[in-house]
Colleague: 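First, the structure itself, so that you have it in front of you.
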Amino acid sequence: MEQKKGQGKQAQNKEFVKEITPKAVDYSQWYIDVILKTKMMDYAPMKGFMAIRPAGYALWEKIQEQLDRRFKDTGHENAYFPTFIPQNLLQKEADHVEGFAPELAWVTKGGNEILNEPLAVRPTSEAIICDFYSRWIQSWRDLPILINQWCNVVRWEKSTRPFLRTSEFLWQEGHTCHRSEEEAEAETLKMLEVYREFLETEMAIPALAGRKTEREKFAGSLRTYCVEALMTDGRALQAGTSHNLGQHFAKVFDITFLDQDDLLKHVWQTSWGVSTRLIGALIMVHGDDRGLVLPPRMAPTQVVIVPILGKKDRDRVLKSVLELEGRLKESVRVKLDDREEHSPGWKFNEWEMRGIPVRIEVGPRDLDKNQVVLARRDTGEKEFVSNDDLPARLQQLLVEIQEDMLARALEFREANTRRGADYEEFKRIMETERGLYLAPWCGDDSCEEKVKNETRATIRCLPFDMEPEGDKCFACGGKAVEAAYFARAY
RNA sequence: CGGGGCGUAGCGCAGUUUGGUAGCGCACUUGGUUUGGGACCAAGGGGUCGUAGGUUCGAAUCCUAUCGCCCCGACCA
């Protein structure tokens with residue numbers, strides 16, 4: 001045993017613990033720091049996989065809760081399909097296999113037996129679901145089929161980032177069948193709008209809705225629509241997709257129904273999904289150098305109460321905050337942090353890092369004045385509120401924060417969206433501040449390819465109902481046929 | 001799959017150049033004093049240094065191989 005320990009002198013570090021790299025120093029590192037320090041995830045012992053910890057999973061549960069309600073409201077039901085897809089089913093749709101082949105994980109052994117047909121771990125479930133649908137549908141009376149599945153999927157990714165791109169992720173996939181092309185198209189657009197509205201209302205993320213180009217569309221679809229959001233580093237993130245599958249899958253999987261006119265027809269299908277990637281979007285749209293900033297409607301805990309427990313006043317403060325917690329519980333998701341092993345200052349920093357929208361401070365001085373201190377996470381502003389006004393003020397404040405966060409995100413996107421037809425300017429912007437660039441485009445695949453090679457920017461979406469400003473493609477000079485949003489993407 | 005970086009206590013790191021039997025901060029445990037923006041004192045617990053070989057009297061340190069992770073690209077929710 002040595003006698004060296006406890007030399008007595010401790011470093012007097014009065015600074016805040018520098019746990020998070022500032023955004024401006026290294027954006028990727030900032031992102032990683034935030035998700036690790038807030039205990040949202042942890043890396044798995046295998047590359048590309050992660051554990052989603054309670055702090056992260058609670059956000060996924062909020063997403064599920066809010067989206068699931070919207071799915072039900074639009075007539076959908078949940079179901080569950082197998083994790084594995086036999087090779088032959090996956091191979092039926094040519095574009096589909098080709099698109100997913102490089103990222104498939106295969107099961108080749110069951111117990112000690114080599115399987116006579118390998119099973120792919122689902123990268124998406126069109127193939128297996130279509131196989132079921134071909135048996136479930138006979139008559140026009142069986143349509144529409146409106147089913148959604150919440151599950152995990154596996155795509156063997158070469159480069160991965162927590163939440164944004166991992167080899168396994170959680171998502172929901174809606175799979176519907178319809179009698180007509182019009183009905184399928186309407187469904188595709190309806191669900192796209194559900195996503196857009198959800199992102200805006202709940203996550204305070206303004207999203208651009210539009211159509212994907214041929215290059216960017218889903219493998220096997222007729223048309224793909226998407227919602228795209230702009231992150232605070234100027235890169236775009238595909239937040240959700242909705243596909244009109246046409247009859248491609250119906251034909252190869254033989255999904256037919258006898259229509260009222262006595263003719264055997266193929267169904268028209270759609271599929272649509274969002275994933276745990278949305279958690280990454282939430283972090284990158286709203287987070288700051290102190291950590292997470294959660295919109296009140298998404299926050300698993302909306303309000304945290306931090307009592308200031310001096311020795312003399314400990315009991316009466318504690319009694320007061322317990323009573324306060326009980327009183328607020330009915331109207332907000334509130335949590336009381338009455339741990340005595342941490343100082344109030346430590347708790348302030350901790351809950352700010354975790355993004356809790358509102359903090360209530362209650363100390364002896366507040367008790368004397370029948371008031372509390374409210375501090376909002378997004379702006380750091382503090383205010384004094386009398387106990388009588390508190391529940392009403394809190395409700396109002398949460399609404400204000402939600403609205404302000406959306407407004408700020410929208411303002412950021414506006415400030416980082418350029419419109420123009422100057423390819424040189426575009427190249428410079430994609431190299432420097434990035435953001436979105438709305439430009440007239442010729443619609444040609446090879447032109448898009450060229451832009452990508454030269455700038456690493458891609459077409460994020462072709463917005464609805466928008467005429468190109470100018471008649472020449474900004475990149476190749478050909479005839480402009482549509483307006484396109486370009487950006488570097490995640 | 002290319003380019004770069006890194007594997008030493010739960011986390012962050014020092015020690016590797018020049019080989020000598022492992023240390024610091026945070027966290028953790030116990031007791032006490034504290035509590036309005038990351039408190040303090042004292043006493044403790046915890047590591048076969050990614051893995052496998054090799055060189056050596058002796059390897060965290062040198063050599064070889066191997067595995068993994070992170071970042072930046074090519075390909076993709």
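Numbered from 1 within each chain, the chains take letters A, B, ... in sequence-line order. Values in this document were obtained by computation on a predicted structure and should not be read as measured data.
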Colleague: A:Asp33 has an atom CG; how far is it from atom P of B:C11, in whole Å?
Modeller: 15 Å

Colleague: Looking at RNA chain B, which of residues 49-56 of chain A put a heavy atom within less than 4.0 Å of it?
Modeller: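 Listed by number, there are none.
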
Colleague: Counting only non-hydrogen atoms, which of residues 146-159 of chain A are less than 4.0 Å from RNA chain B?
Modeller: A:Arg155, A:Glu157, A:Lys158, A:Ser159

Colleague: Can you identify which nucleotide, out of B:G36, B:C72, B:C76, has its nearest atom closest to the A:Glu103 side chain?
Modeller: B:C76

Colleague: Does A:Arg235 make a cation-pi contact with A:Tyr490, if we ask for NZ or CZ under 6.0 Å from the ring centre and within 45° of the axis?
Modeller: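 Yes, A:Arg235 lies over the aromatic ring of A:Tyr490.
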
Colleague: Report the residues that fulfil side-chain hydrogen bond (donor to acceptor under 3.5 Å, both in side chains) with A:Glu193, sequence neighbours left out, ordered by chain and then residue number.
Modeller: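 Counting only residues at least two positions away or on another chain, A:Glu193 forms a side-chain hydrogen bond (donor to acceptor under 3.5 Å, both in side chains) with A:Arg196.
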
Colleague: Just to be sure I understand the geometry, which residues of residues 358-374 of chain A put a non-hydrogen atom under 4.0 Å away from RNA chain B?
Modeller: A:Arg359, A:Glu361, A:Gly363, A:Pro364, A:Arg365, A:Asp366, A:Val373

Colleague: Sequence neighbours left out, what passes salt bridge (Lys or Arg N to Asp or Glu O under 4.0 Å) with A:Glu103? Give chain and number order.
Modeller: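 Partners of A:Glu103 by the salt bridge (Lys or Arg N to Asp or Glu O under 4.0 Å) criterion come out as none, since no residue qualifies.
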
Colleague: To the nearest Å, give me how far apart CG (A:Asp233) and P (B:C71) are.
Modeller: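 For the pair A:Asp233 CG and B:C71 P, the rounded distance is 14 Å.
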
Colleague: Are OP1 or OP2 of B:A39 and a side-chain N or O of A:Ser343 less than 4.0 angstrom apart?
Modeller: yes

Colleague: Quick one, which residues of residues 205-214 of chain A touch RNA chain B with a heavy atom under 4.0 Å?
Modeller: none

Colleague: With heavy atoms under 4.0 Å as the rule, sort A:Tyr490 into base, sugar-phosphate or nothing.
Modeller: nothing

Colleague: Identify whether NZ of Lys or CZ of Arg in A:Arg155 sits under 6.0 Å from the centre of the six-membered ring of A:Phe169 and within 45° of that ring's axis.
Modeller: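 Judged by the rule, A:Arg155 and A:Phe169 form no cation-pi pair.
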
Colleague: Taking only residues at least two apart or on different chains, which pairs with a member in residues 214-235 of chain A satisfy ring-ring contact (aromatic ring centres under 6.0 Å, His included)?
Modeller: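 For residues 214-235 of chain A: A:His96-A:Phe218, A:Phe100-A:Phe218, A:Phe218-A:His243, A:Tyr225-A:Phe464.
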
Colleague: Please enumerate all residues that pass side-chain contact (heavy atoms from CB on, under 4.5 Å) together with A:Trp150, with sequence neighbours excluded.
Modeller: A:Trp60, A:Gln64, A:Leu67, A:Asp68, A:Phe71, A:Asn78, A:Asn148, A:Gln172

Colleague: Among residues at least two apart in sequence or on other chains, which ones pass side-chain hydrogen bond (donor to acceptor under 3.5 Å, both in side chains) with A:Ser242?
Modeller: none

Colleague: Between A:Arg215 and B:C76, does any side-chain N or O lie under 4.0 Å from OP1 or OP2?
Modeller: no

Colleague: Please name the nucleotide paired to B:A39 by Watson-Crick or G-U wobble geometry with both distances under 3.5 Å, or report none.
Modeller: B:U33

Colleague: Considering only residues two or more places apart or on different chains, which pairs with a residue in residues 291-305 of chain A satisfy side chain to side chain donor-acceptor pair (under 3.5 Å)?
Modeller: A:Glu202-A:Arg297

Colleague: Which ones in residues 307-327 of chain A lie close to RNA chain B, meaning a heavy atom under 4.0 Å from one of its atoms?
Modeller: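 When residues 307-327 of chain A is checked for heavy atoms under 4.0 Å from RNA chain B, the hits, listed by number, are A:Ile308, A:Leu309, A:Lys311.
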
Colleague: For A:Phe426, which residues count as a ring pair (Phe, Tyr, Trp, His ring centres under 6.0 Å) partner, sequence neighbours excluded?
Modeller: A:Tyr423, A:Tyr437, A:Phe474, A:Phe486

Colleague: What do the steps show when you test A:Leu394 against A:Val303 for side chain to side chain contact (heavy atoms under 4.5 Å, CB included), and what is the final call?
Modeller: CA-CA 9 Å; A:Leu394 210 45; A:Val303 177; 4.2 Å; yes

Colleague: Testing A:Arg359, A:Arg377, A:Arg376 one by one against A:Glu352 for a salt bridge (Lys or Arg N to Asp or Glu O under 4.0 Å), which residue passes?
Modeller: A:Arg359

Colleague: To the nearest Å, how far apart are A:Asn349 CG and B:C26 P?
Modeller: 17 Å

Colleague: B:U30 C1' sits how many Å from A:Glu340 CD, rounded?
Modeller: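 It works out to 17 Å between those atoms.
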
